[in-house]
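We name chains A, B, ... by the order of the sequence lines, and we start the count at 1 in each one.
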Amino acid sequence: MNEVRVRFAPSPTGPLHIGGVRTALYNYLFAKKNHGKFILRIEDTDQTRFVPGAEDYIVESLKWCGIDFDEGVHIGGPYAPYRQSDRKEIYHQYALSLLEKGYAYYAFDSAEDLEILRKDSEKRKETFQYGPLSRMALKNSLTIDKEEVTRLLDTGHPFVIRIKIPEHETIVVNDLIRGEVKVESGLLDDKVLFKSDGMPTYHLANVVDDYLMKITHVIRGEEWLPSAPLHALLYRYLGWESVMPAFAHLPLLLKPDGNGKLSKRDGDRLGFPVFPLRWTDPKTGDISSGYRESGYLPEAFINMLALLGWNPGTEQEILSMAELIGLFSIDRVGKSGSKFDPEKARWINHQYLASAPDETIADLLEKIIVGEGIQADRIKLLQISGLIKDRANLIPDLWQQSWFFFRSPEKYDESVIQKFWKPETPGFLKNIAAMLEGHGTFDSATVEFSLKQFIQEQGLPMGQVMNSLRLVLVGGSFGPGVAAIIAVLGKQEAISRIYRALDTIGK
RNA sequence: GGUCCGUUCGUCUAACGGUUAGGACGCCAGGUUUUCAUCCUGGUAAUAGGGGUUCGAUUCCCCUACGGACUACCA
């Protein structure tokens, strides 16, 4: 069997949303699983929709995800160039060969003419179709005599090249996910293959490029399923039927609210990011949030996307990229669209954070505290990381769970004061401060032991003491164990926080 | 409207003719805990409807309903 070669072929019309990332991911997993090659091709045949920065965004996003390519617009490769606008000259000859073989024809109808016909059809509640039934009544090389066609072409009259769809034929496309999909050719349109601006349309370009780049499997979104028969026909007409790639049309990612496929325009409307990375619209300046900036780990992001439409067939849900590659199979890709669940995404991220080595958490935390203008030594960072990592869902939670290790609380939660600050509280807190002052070994376990012993000796209520002590240390009712906090803060800081609180809340 | 695709707990999904229809997230309850989380245990909740085929249908077929995609000189 030939080497597996798959491609991800986005058009640079804006940021990639999570559906696009998932398509790229499945292609990547399939390629890696089969020891094949993965190619990034940019489909920019529509210059009017070009968005500056989009291509870089796509490359950067996939890089962040850990999805890398063997060939592509950003790294080159044996089939370069990988940007369709750079391949412009390639396509015309294939359109011409179709023309010669009688599988395509020139059409001279203006966009306005066609628009009028469409409107008319609409009025009659019909759909205008440039196809087998109507083409003989339109302005094209099938209806105009040869000399006139030559004259039009020579004088630079705008033209497009359309495929000549056969009238009565059942076209069968075998889809790896859906099985055989059959369509009556008469229902298909004579799609434009070559535009009047000299560029091919997607239909021609993707077939030509997939052929030239020796693509073996086309794994793409379900929105392409209706045009798959057209593509199959093109392979046949171009004489490439024997090397036509296998098709797999992935189910769509749906909007979590209501229905419909997820779109770039959903932005932040849904209350969670739809993009891997933050995106700033170059035209409007509008900013859409990204998973990276929201505090997701790329591994978790990928894990969650992998499970949206595919599952390993076991009950394992936390899967590394290596495991995904080992387990991936198109057979296990579902048929129906799925809605993204932001809650589960958070849970998955939590799993990754909680099980990460302290070193990893410390690195993440260090970035945050440096941003806060704080310096901390590695040992302390590692200690803190171990205490907080299973308390965080997203990376910013790391700071929410640990800021009090670096800053003394400025204010104290009123409701906690109400609940635990009794007349006797200042008294025993002072005694605790004194006890700590004389304390030798200052690690979490010994501090905890001393604290408990002290509480017992004094006959104090445990909850009362611990909660008020917690209040003076962190300013509220949250955080890891009190003894652990004290141990990390150190003797002097812990004691000074007790006295500071006594000054603020009252003796 | 036409063509095509789809339909299992609220959500992601398992069960490729025989299961008390399983798991996960969420939610609820209990437990652990000095707080809040985590964690542990339990609970909640589904085969869209109707016909077939079959000894037996979530599973195969048909119809209906619903949802979606496509229907551009966009991808």
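Distances from the side chain of A:K191 to the nucleotides B:rA72, B:rU11, B:rG68 place B:rA72 closest. Checking B:rU13, B:rC73, B:rU34 against every side-chain atom of A:M462, the shortest atom distance belongs to B:rU34. In the set B:rU38, B:rC70, B:rU34, the nucleotide with an atom closest to the side chain of A:D390 is B:rU38. Side-chain proximity of A:S11 to the nucleotides B:rA37, B:rA75, B:rU34 is greatest for B:rA75. The listed nucleotides are B:rU13, B:rA75, B:rC73; the one nearest the side chain of A:S338 is B:rU13. Residue A:L252 has its side chain nearest to B:rG68 when only B:rG68, B:rU34, B:rU13 are considered.
Note on A:H249: nothing from the nucleic acid sits closer than 4.0 angstrom, heavy atoms only. Residue-level contact check: A:R332 touches the backbone only, with heavy atoms under 4.0 Å from sugar-phosphate atoms and none from bases. Across all strands shown, A:V192 has heavy atoms under 4.0 Å from sugar-phosphate atoms exclusively, and none from any base. Nucleic acid contact for A:S227: none, since no nucleic acid atom lies under 4.0 Å from a heavy atom of the residue. Within the 4.0 angstrom heavy-atom criterion, only backbone atoms of the sugar-phosphate kind lie near A:T201; the bases stay farther away. When heavy atoms are screened at a 4.0 angstrom cut-off, A:P251 is found touching no nucleic acid atom at all. When heavy atoms are screened at a 4.0 angstrom cut-off, A:R118 is found touching the sugar-phosphate backbone but no base atom. Using a 4.0 Å heavy-atom cutoff across all strands shown, A:N393 reaches no nucleic acid atom at all. In this structure, A:G334 reaches neither bases nor backbone, as no heavy-atom distance under 4.0 Å exists between it and the strands shown.
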Residues 308-315 of chain A side chain polar contacts: donor-acceptor under 3.5 Å, at least two apart:
from: A:W310; atom 1: NE1; to: A:S329; atom 2: O; distance (Å): 3.4
from: A:N311; atom 1: OD1; to: A:G313; atom 2: N; distance (Å): 2.7
from: A:N311; atom 1: OD1; to: A:R332; atom 2: NH2; distance (Å): 3.2
from: A:T314; atom 1: OG1; to: A:Q316; atom 2: N; distance (Å): 3.3

Could you tabulate the donor-acceptor pairs under 3.5 Å formed by side-chain atoms of residues 462-469 of chain A, not counting sequence neighbours?
from: A:N467; atom 1: ND2; to: A:G463; atom 2: O; distance (Å): 2.7
from: A:S468; atom 1: OG; to: A:Q464; atom 2: O; distance (Å): 2.8
from: A:S468; atom 1: OG; to: A:V465; atom 2: O; distance (Å): 3.0

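Shown here, B:rA69 forms a base pair with B:rU3; the pair counts as Watson-Crick or G-U wobble because both key distances fall under 3.5 Å. Across all strands shown, B:rA48 pairs with B:rU64; the Watson-Crick or G-U wobble distances both stay below 3.5 Å. Across all strands shown, B:rC39 forms a Watson-Crick or G-U wobble pair with B:rG31, both key distances being under 3.5 Å.
Atom-to-atom distance recorded for A:R22:CZ and A:L262:CG is 10.5 Å, nearest 0.5 angstrom.
Taking atom C1' in both B:rC25 and B:rC63, the straight-line distance is 36 Å, to the nearest Å. B:rU44 and B:rG68 have their C1' atoms separated by 30 Å, with the value rounded to a whole Å. Straight-line distance between the P atoms of B:rG18 and B:rC61: roughly 16 Å, to the nearest whole Å. Taking the C1' atoms as reference points, B:rG23 lies 13 Å from B:rU8, given to the whole Å. Nucleotides B:rU47 and B:rC66 have their C1' atoms positioned 16 Å apart, rounded to a whole Å. Spacing between B:rU11 and B:rG67 at atom P, rounded to whole Å, works out to 15 Å. For the P atom pair drawn from B:rC12 and B:rU19, the interatomic distance equals 26 Å after rounding to whole Å. Between the P atoms of B:rG6 and B:rU13, the separation comes to 15 Å (whole Å).
Going from atom CD1 of A:I163 over to atom C1' of B:rC73 covers 15 Å, rounded to whole Å.
Relative ring orientation between A:Y291 and A:F340 is described as perpendicular, the plane-to-plane angle rising above 60° on a 0-90° scale split at 30° and 60°.
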Test log, rule side chain to side chain donor-acceptor pair (under 3.5 Å), inputs A:Y130 and A:N140: CA-CA 11 Å; A:Y130 205 126; A:N140 54 54; 3.1 Å; yes
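Applying the side-chain hydrogen bond (donor to acceptor under 3.5 Å, both in side chains) test to every pair with at least one member in residues 9-18 of chain A, sequence neighbours left out, gives these pairs: A:T13-A:K264. For residues 174-193 of chain A, the set of pairs meeting the salt bridge (Lys or Arg N to Asp or Glu O under 4.0 Å) definition, not counting sequence neighbours, comprises A:R135-A:D190, A:R178-A:E222, A:E180-A:K182, A:D189-A:K191. Listed by first and then second residue, the side-chain hydrogen bond (donor to acceptor under 3.5 Å, both in side chains) pairs involving residues 394-409 of chain A are A:E372-A:R407, A:R391-A:Q401, A:S408-A:R500 (not counting sequence neighbours). Residues in residues 448-477 of chain A take part in these salt bridge (Lys or Arg N to Asp or Glu O under 4.0 Å) pairs, two or more places apart or across chains: A:E448-A:K452.
A salt bridge is defined here as a Lys NZ or Arg NE, NH1 or NH2 lying under 4.0 Å from an Asp or Glu carboxylate O, and A:E55 with A:R83 meets this definition.
Of the side-chain N and O atoms in A:R162, one or more sit less than 4.0 angstrom from OP1 or OP2 of B:rC73. For the OP1/OP2 pair of B:rG68 and a distance below 4.0 Å, the side-chain nitrogens and oxygens of A:K255 include no atom meeting the criterion. At the phosphate of B:rU38, neither OP1 nor OP2 sits under 4.0 Å from any side-chain N or O atom of A:K389. An OP1 or OP2 oxygen of B:rU13 is reached within less than 4.0 angstrom by no side-chain nitrogen or oxygen of A:N311.
Legend: residues meeting ring pair (Phe, Tyr, Trp, His ring centres under 6.0 Å) with A:F478, ordered by chain and number and at least two apart, are A:F404. Residues that satisfy the side chain to side chain contact (heavy atoms under 4.5 Å, CB included) test with A:S385, not counting sequence neighbours, are A:D358, A:I361, A:A362, A:L365. With sequence neighbours excluded, no residue forms a ring pair (Phe, Tyr, Trp, His ring centres under 6.0 Å) with A:Y105.
Between A:E43 and A:F420, the one whose closest nucleotide on RNA chain B sits nearer the 5' end is A:F420. Place A:G463 and A:F194 on RNA chain B by their nearest nucleotides, and A:G463 ends up nearer the 5' end.
No donor-acceptor distance shorter than 3.5 angstrom exists from the side chain of A:E169 to the backbone of A:P166, with no hydrogens or angles considered.
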Sequence-aligned protein contact record of nucleotides 40-47 of chain B, with B where the base is within under 4.0 Å of a protein heavy atom and S where only the sugar-phosphate is: --------
For nucleotides 18-25 of chain B, print each protein N/O atom paired with a nucleotide N/O atom at under 3.5 Å, atom names and distance only.
from: B:rG23; atom 1: O4'; to: A:E315; atom 2: OE2; distance (Å): 3.1
from: B:rA24; atom 1: O4'; to: A:E317; atom 2: OE1; distance (Å): 3.2
from: B:rA24; atom 1: O2'; to: A:E317; atom 2: OE1; distance (Å): 2.4
from: B:rA24; atom 1: O2'; to: A:K344; atom 2: NZ; distance (Å): 3.0
from: B:rA24; atom 1: N3; to: A:K344; atom 2: NZ; distance (Å): 3.3
from: B:rC25; atom 1: O2'; to: A:K344; atom 2: N; distance (Å): 3.3

Which atom pairs link the protein and nucleotides 2-6 of chain B when you take only N or O atoms and keep those under 3.5 Å?
from: B:rC5; atom 1: O2'; to: A:R178; atom 2: NH1; distance (Å): 2.7
from: B:rC5; atom 1: O2'; to: A:E222; atom 2: OE2; distance (Å): 3.0

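Between A:Y106 and A:F159, the distance separating the two ring centers is shorter than 6.0 angstrom.
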